[in-house]
Amino acid sequence: MPKVHFKSPLDDVTVDVAPHTTLLDAAEKAGAHVGHSCGGVCACSTCHIWIRKGMESLSEQRDDEADRLDMGFDVRPYSRLSCQTEVGAEDIQVEITEESITAYLDENPVLRRQLTSEGKWPLKK
């Protein structure tokens, strides 16, 4: 089974998943802080991530995903929406964008308050 590694200032976790698992489902299984305001139906860009390794093993990007990514912040050639991206047979390394972390914390205000009180949020630049 391929491994998916999620990295951000708040996360550094790895999870084994079956091929064809979306990166959003992998993030939820791993406990990674990937936002998904629309519930994972390609109606927003809050699950925007950067693929750092293994891009060639992922499902192809469809037009609806590309259109939604156009709405995202700091979109790069290796950007994907985790709700639309399925894992192939190879290991993947993912960097969670600040956009996605912010969305996750918007959805989880108790965690936001905790991280704020610990000085971990907002992120230091």
Q: Can you tell me how far CD of Glu99 sits from SG of Cys47, rounded to the nearest 0.5 angstrom?
A: 9.0 Å
Q: Determine whether more than 12 heavy atoms belonging to other residues, nucleotides or ligands lie under 6.0 Å from atom CD of Glu118.
A: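 More than 12 heavy atoms, drawn from other residues, nucleotides or ligands, come within 6.0 Å of this atom.
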Q: Verify the cluster assignment for Ile92 and Leu69: are they in a single hydrophobic cluster under the rule of side-chain heavy atoms below 4.5 Å apart?
A: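 As far as the 4.5 Å side-chain criterion goes, Leu69 and Ile92 are not connected within one cluster.
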Q: How close do Gln61 and Ala66 get, counting heavy atoms only, and between which atoms?
A: OE1-CB, 3.7 Å
Q: Is there side-chain contact between Leu111 and Trp121, with heavy atoms separated by less than 4.5 Å?
A: no
Q: Would a 4.5 Å heavy-atom cut-off, applied to side chains only, mark Val94 and Arg80 as touching?
A: no
Q: Identify, with sequence neighbours excluded, every residue that meets side-chain hydrogen bond (donor to acceptor under 3.5 Å, both in side chains) alongside Asn108.
A: none
Q: Filter on salt bridge (Lys or Arg N to Asp or Glu O under 4.0 Å), then keep only pairs touching residues 15-39, sequence neighbours left out; what's left?
A: Lys3-Asp16
Q: Is there side-chain contact between Thr22 and Cys83, with heavy atoms separated by less than 4.5 Å?
A: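 Thr22 does not reach Cys83 side chain to side chain.
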Q: What residue among Leu81, Leu23, Leu24 forms side chain to side chain contact (heavy atoms under 4.5 Å, CB included) with Ile49?
A: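 Per the side chain to side chain contact (heavy atoms under 4.5 Å, CB included) rule, the option paired with Ile49 is Leu23, out of Leu81, Leu23, Leu24.
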Q: Main chain of Ala18, side chain of Thr21: is a donor-acceptor contact present, judged purely on distance under 3.5 Å?
A: yes
Q: Within the 4.5 Å heavy-atom criterion, are Pro9 and Ile101 side-chain neighbours or not?
A: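 Yes; the side chains approach each other to less than 4.5 Å.
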Q: List the steps and the verdict of side-chain hydrogen bond (donor to acceptor under 3.5 Å, both in side chains) for Ser100 and His48.
A: CA-CA 6 Å; Ser100 189; His48 174 209; over 6 Å; no
Q: Hydrophobic cluster membership, with links at side-chain heavy-atom distances under 4.5 Å among I/L/V/M/F/W/Y: are Val75 and Tyr78 in one?
A: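 In one cluster with Val75: Tyr78, no.
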Q: I'd like to know if Trp50 and Phe73 are part of one continuous hydrophobic network [Ile/Leu/Val/Met/Phe/Trp/Tyr, side-chain heavy atoms within less than 4.5 Å].
A: no
Q: Step through the shown structure and confirm whether more than 12 heavy atoms of other residues, nucleotides or ligands are within 6.0 Å of CG on Asp63.
A: no
Q: Using side-chain heavy atoms (C-beta onward) and a distance below 4.5 Å, is Arg113 in contact with Leu105?
A: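 The answer is no; the side chains never approach within 4.5 Å.
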Q: Side-chain heavy atoms under 4.5 angstrom apart, residues restricted to Ile, Leu, Val, Met, Phe, Trp, Tyr: same cluster for Val13 and Met1?
A: no
Q: Rounded to the nearest 0.5 Å, how far apart are CD of Glu107 and OG of Ser37?
A: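 Glu107 CD to Ser37 OG: 4.0 Å, rounded to 0.5 Å.
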Q: When rounded to the nearest 0.5 angstrom, what distance separates SG in Cys42 from CD in Gln84?
A: 4.0 Å
Q: Hey, are the side chains of Val87 and Pro19 touching, using non-hydrogen atoms and a 4.5 Å cut-off?
A: no
Q: Among Gln93, His5, Glu95, which one satisfies side chain to side chain donor-acceptor pair (under 3.5 Å) with Arg52?
A: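 Of the listed options, the one satisfying the test is Glu95.
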Q: What's the spacing between Asp106 CG and Thr46 OG1 if we round to 0.5 Å?
A: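 Reported value, rounded in 0.5 Å steps: 9.0 Å.
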Q: Any side-chain heavy atom of Asp64 within less than 4.5 Å of one from Arg68?
A: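 SC-SC contact between Asp64 and Arg68 ruled out.
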Q: Looking only at heavy atoms, which two atoms of Pro2 and Ala89 are closest? And how far apart?
A: CB-O, 3.8 Å
Q: Where is the tightest heavy-atom contact between Tyr104 and Ala32, given as atom of each residue plus distance?
A: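 Tyr104 and Ala32 have their closest heavy atoms at CE1-O, 4.2 Å.
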Q: So how far is it from Lys53 NZ to Met55 CE, rounded to the nearest 0.5 Å?
A: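 Between Lys53 NZ and Met55 CE, I get 14.5 Å after rounding to 0.5 Å.
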Q: Return the NE2 to CD1 distance between His33 and Ile96, rounded to the nearest 0.5 Å.
A: 8.0 Å
